Amino acid sequence: MKFLQFNILLVLALLSFNLKAQQGSNKLAVFQDTLRKISSKVVDAQSDAQKLEINGKFVKTLVEALKTPNSYAFAFDSLKNISVIKSPDQAFRILSWYVQLENGTYRYYGAIQMNTKSGPLKLYPLIDQTENIADPNMVTNNQKWFGARYYEIVPITSGNRLPYYVLLGWKGNTQLTTKKVIEILSFDKDNITFGAPVFEGKELKGKNRMIFEYAKSNAMTLKTDQKAGLIVFDHLASFDPEIKDKFEYFGSDGTFDGFKVIGGKLKLQEDITLNNDPDANDELYADPKKNVKPIRKF
């Protein structure tokens, strides 16, 4: 009899939990729809003042949404303007986005939400202070953030040292140039740090983050290559050898470099070769290095 009563209580508890989870999910879906509408108004705003005011409402609404129980599990995948990425170890996620201003520059917004399971919200706001950071190599925190829209997180562990995370981010800059960033994120109790001297290689001693700047009309690869075990990126060079300090003349020179994790550090690997997965159409293309003519099929 006691066993039966226990089972009934267990079923009722599970039903109650599922009902609360469903209610939370429905509430978050409503929040998401509201956020999507506010986001559209930011884009359509006619002045910077209007954009920033409406974006302020977006921030407040997002924080309210994240206060909903189990919000960490909600993807917010209908918000196309926001990048929402989780760390592979499920310790946290980063929400980041930008507002483009009339003069072609960008202002960044974001937050780090810790995975507290069903506990209270633990959120770190990210305050973009790009304009006030005199030295872009300085170590900062979430209150003095070198803003970016992140799209990939790579956890790094080594021995007994605290883990850190490599963040890959896009950073629209001006009407002339775009930037991409390799940022280093670490946690120490309730403190967040951006930047750390983990890079090793020629002229990289003391480097706390990597910033790549190139012509706005160009694109740049910056991603992880799982097979090679590397963070790979285009090698940037000036289109004109005589112009070396104007990044609006910089773009990929067709070669690639990368960082490989060795002993908990990011070791520079120069002029690497990237191998694509084999494809049935490979034989249709000539390899200029081998002076082999392509096979023609009809």
Side-chain angles (χ1 to χ4, degrees), residues 72 75-76 79 81-98 106-115 122-130 133 135-158 161-173 178-188 190-201 204 206-214 219-226 228-234 236 257-262 264-269:
Y72 185 86
F76 290 102
L79 301 180
N81 67 313
I82 289 189
S83 169
V84 183
I85 53 172
K86 290 183 178 180
S87 61
D89 59 7
Q90 295 298 313
F92 65 93
R93 68 176 178 176
I94 301 179
L95 303 91
S96 56
W97 71 98
Y98 62 84
Y106 298 77
R107 189 166 296 180
Y108 292 86
Y109 298 84
I112 296 176
Q113 182 183 13
M114 306 306 294
N115 186 1
K122 189 173 183 180
L123 193 70
Y124 294 92
L126 301 178
I127 311 301
D128 184 14
Q129 293 286 339
T130 301
I133 297 176
D135 178 7
N137 190 53
M138 70 184 295
V139 175
T140 66
N141 55 36
N142 61 300
Q143 296 292 331
K144 198 169 186 178
W145 175 47
F146 190 68
R149 188 179 192 270
Y150 300 123
Y151 55 86
E152 197 163 356
I153 302 175
V154 183
I156 307 294
T157 57
S158 179
R161 286 182 292 183
L162 287 173
Y164 67 87
Y165 300 86
V166 177
L167 311 179
L168 306 185
W170 179 90
K171 187 174 177 65
N173 189 42
T178 298
K179 293 180 179 179
K180 283 195 174 180
V181 180
I182 302 178
E183 182 64 272
I184 307 301
L185 168 66
S186 58
F187 298 88
D188 186 2
D190 287 331
N191 297 316
I192 285 181
T193 299
F194 285 108
V198 299
F199 302 96
E200 291 188 346
L204 293 181
K207 204 77 170 173
N208 292 312
R209 67 176 54 83
M210 295 295 299
I211 303 169
F212 306 91
E213 186 172 2
Y214 54 96
M220 178 196 171
T221 296
L222 173 60
K223 64 178 183 177
T224 57
D225 186 317
Q226 298 291 342
L230 293 167
I231 297 170
V232 300
F233 51 92
D234 283 306
L236 301 177
D257 298 328
F259 284 109
K260 191 173 186 67
V261 180
I262 301 176
K265 299 282 189 174
L266 300 183
K267 181 73 173 180
L268 181 64
Q269 314 288 307

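When a residue number appears, it is its place in the shown sequence, counting from 1. Values in this document were obtained by computation on a predicted structure and should not be read as measured data.
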So, [X] side chain and [Y] main chain: donor-acceptor pair closer than 3.5 Å or not?
X: Lys180; Y: Ile211; result: no
X: Asn173; Y: Lys179; result: no
X: Glu200; Y: Lys265; result: no
X: Asn141; Y: Thr193; result: no
X: Lys171; Y: Gly147; result: yes
X: Ser83; Y: Tyr150; result: yes
X: Asp188; Y: Asn191; result: no

Can you confirm whether or not the ring centre of [X] sits under 6.0 Å from the ring centre of [Y]?
X: Phe212; Y: Phe233; answer: yes
X: Phe199; Y: Phe259; answer: yes
X: Tyr164; Y: Phe187; answer: no

Check whether any side-chain heavy atom of [X] lies under 4.5 Å from a side-chain heavy atom of [Y], and answer yes or no.
X: Leu266; Y: Val261; result: yes
X: Ser96; Y: Ile82; result: no
X: Ile94; Y: Ile153; result: yes
X: Tyr72; Y: Gln113; result: yes
X: Ile182; Y: Leu168; result: yes
X: Leu123; Y: Ile112; result: no
X: Tyr214; Y: Asp234; result: no
X: Tyr165; Y: Ser186; result: no

Gap between atom [atom2] of [Y] and atom [atom1] of [X] - 0.5 Å precision:
X: Lys144; Y: Thr130; atom1: NZ; atom2: OG1; answer: 11.0 Å
X: Leu126; Y: Phe146; atom1: CG; atom2: CZ; answer: 14.0 Å
X: Gln143; Y: Gln129; atom1: CD; atom2: CD; answer: 8.5 Å
X: Ile156; Y: Ile231; atom1: CD1; atom2: CD1; answer: 6.0 Å
X: Leu95; Y: Ile85; atom1: CG; atom2: CD1; answer: 9.0 Å
X: Phe92; Y: Ile192; atom1: CZ; atom2: CD1; answer: 8.5 Å

Test side-chain contact (heavy atoms from CB on, under 4.5 Å) applied to Tyr124 and Met114, step by step: CA-CA 8 Å; Tyr124 294 92; Met114 306 306 294; 3.7 Å; yes
Aromatic ring pairing Tyr108/Trp145, orientation class (parallel under 30°, perpendicular over 60°, tilted between): perpendicular
Which heavy atom of [X] sits nearest to which heavy atom of [Y], and what is that distance?
X: Gly201; Y: Leu268; answer: CA-CB, 4.1 Å
X: Asn137; Y: Gly206; answer: ND2-O, 3.1 Å
X: Pro163; Y: Thr157; answer: CB-CG2, 3.7 Å
X: Met210; Y: Leu204; answer: SD-CD2, 3.9 Å

Aromatic Phe194 / basic Arg209 pairing, under 6.0 angstrom, 45° off normal: no
With Trp170 via side chain to side chain donor-acceptor pair (under 3.5 Å) - residues at least two apart: none
side-chain contact (heavy atoms from CB on, under 4.5 Å) evaluation trace for Arg93 with Val84: CA-CA 7 Å; Arg93 68 176 178 176; Val84 183; 3.8 Å; yes
More than 12 heavy atoms of other groups within 6.0 Å of Arg107 CZ: no
Residues Thr178 and Glu213: side-chain donor-acceptor under 3.5 angstrom: no
Donor on one side chain, acceptor on other, Tyr98 and Asn81, under 3.5 Å: no
